[in-house]
Amino acid sequence: MILVAPRRLCTILTAGLLAATLVAPGAAMAAPRTGSAPACMMHPLPLPPGASLAWDAMLVDPAGRFIVGTGRRATDQGQESLLLRWDGPRVTVLTGSPGLLVAVNRHGVLVGDSSTSAGNRPWRYRDGRVEWLPLPPNGIGGYVTAVNSRGDIVGYGGYLEEPVTLRWPVDRPDTVEVLEPGGIPVAILDDGTIVGEVPGEEDRSSPGPGARGAGGRGVAPPPVAWVRRPDGRVDRLTAPGAVKSTVRAARGNWAVGQVADTADGQYEQMVRWDLRTGVATPVRPGLIAMTGVNATGSLLSYSEVDHLDRRVPLRSVVSDPVTRVVAEAIADNGLVVGRTAGPQVTFPVRWSGC
């Protein structure tokens, strides 16, 4: 079965991260203009012949051209898992299940990873075939988390018993690099900037994001979000008074995540970081979750888009049997993809004008 990767968090705190000067999470903000914002227009995505079960649009490239998703259809042998790509009105069945689907870039290159008898293996899908990515010597499996427009890929691996940040540069095929500061990258931007985090003990031992990583031992420091510049400089992403921080997504000049003022407390404030300055601005209360951000700083939740000055709800044009909508990804032009879910079936959809 094809899945989409959660945010993976699994290693110990690495020393030497540089602190940045940021805006306090409690800074005053204007109230969201939810009522005056028009809802996005929802459009169903076409399905391949024989589609009869659950389908989902999970990824969209930053330019908003390629939408990627998964589904199942009934066969004489039971059910078949499929990987789909939409290019405008055309839907193509790319392949059977290659494993865990993670990201797509503006050229339609897909990346993910699979569980094999030799350990977890990262892969790239392009030109109609799956290519295995190399791993460092003595590594214990590898996982991918993002790909940029050039085709550079980042992820992490179990190297020397502790997960490390990995990069597969597009201009040096069959090469993998081990990078500082370590931890889990969540995005690689088009200029080569990498955004990620070094999680704490609770992230590595919980059943949520990052549970696939190496198990921790003893007491680890709290998680810390970071940005690695193209010249190798590493800055910490935090906020005044924050003891821990985590990052969920990044695109263009923006990253989104959470900060807290106690090491053992819950994340108390969602924030939006401006990567040009390191300044963190609180996200208005009421947002349920973070599933993505685009180059304009628009933050995607499960059922709405939080712009810098307003919120736009994602509504369904179908009332029955749809019970809810679930947004999965957002493009730079505001295109949102996801699914409508009913009691027994799900359908892939897109929202335009968001």
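Heads up: numbering here begins at 1 and tracks the sequence.
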Okay, side chain of Asn105, backbone of Asn148: is any donor-acceptor separation there less than 3.5 Å? yes
Within the distance-only criterion (no hydrogens, no angle test), does the side chain of Trp86 pair as donor or acceptor with the backbone N or O of Pro46 below 3.5 angstrom? yes
Pairs flagged by salt bridge (charged side-chain N to carboxylate O under 4.0 Å, His left out) wherever residues 130-149 is involved - sequence neighbours left out: Arg124-Glu131, Arg126-Glu131, Arg129-Glu131
Given 3.5 Å as the limit, does a donor-acceptor pair link the side chain of Asp87 with the main chain of Arg90, or not? no
Using atom types as modelled and distance alone, determine if a side-chain donor or acceptor of Tyr302 lies under 3.5 Å from a backbone N or O of Glu328. no
Any side-chain to backbone donor/acceptor pair from Arg324 onto Thr340? Under 3.5 Å, distance only. no
Any sub-3.5 Å donor-acceptor pair from Ser245's side-chain atoms to Leu237's backbone N or O? yes
Kindly compute the distance separating CG (Leu179) from CG (Leu166), expressed to the nearest 0.5 Å. 7.5 Å
Any donor-acceptor pair under 3.5 Å from Thr346 side chain to Trp55 backbone: yes
Short side-chain donor-acceptor distance under 3.5 Å, Asn120 and Asp113: yes
Heavy-atom donor-acceptor pair, Ser149 side chain to Asp190 backbone, under 3.5 Å: no
State plainly whether the residues Arg339 and Asp56 are in salt-bridge range, i.e. N to O under 4.0 Å. yes
Are side-chain N/O atoms of Thr116 and Ser114 paired as donor and acceptor at under 3.5 Å? no
Worked check of side chain to side chain contact (heavy atoms under 4.5 Å, CB included) between Thr281 and Asp274: CA-CA 8 Å; Thr281 303; Asp274 186 332; over 6 Å; no
Is it the case that the side chains of Thr246 and Gln258 hold a donor-acceptor pair, with the cut-off being a distance below 3.5 Å and no angle test? no
Do the side chain of His307 and the main chain of Cys354 share a donor and acceptor less than 3.5 angstrom apart? yes
Keeping Trp351 on the side-chain end and Arg315 on the backbone end, is there a donor-acceptor pair under 3.5 Å? yes
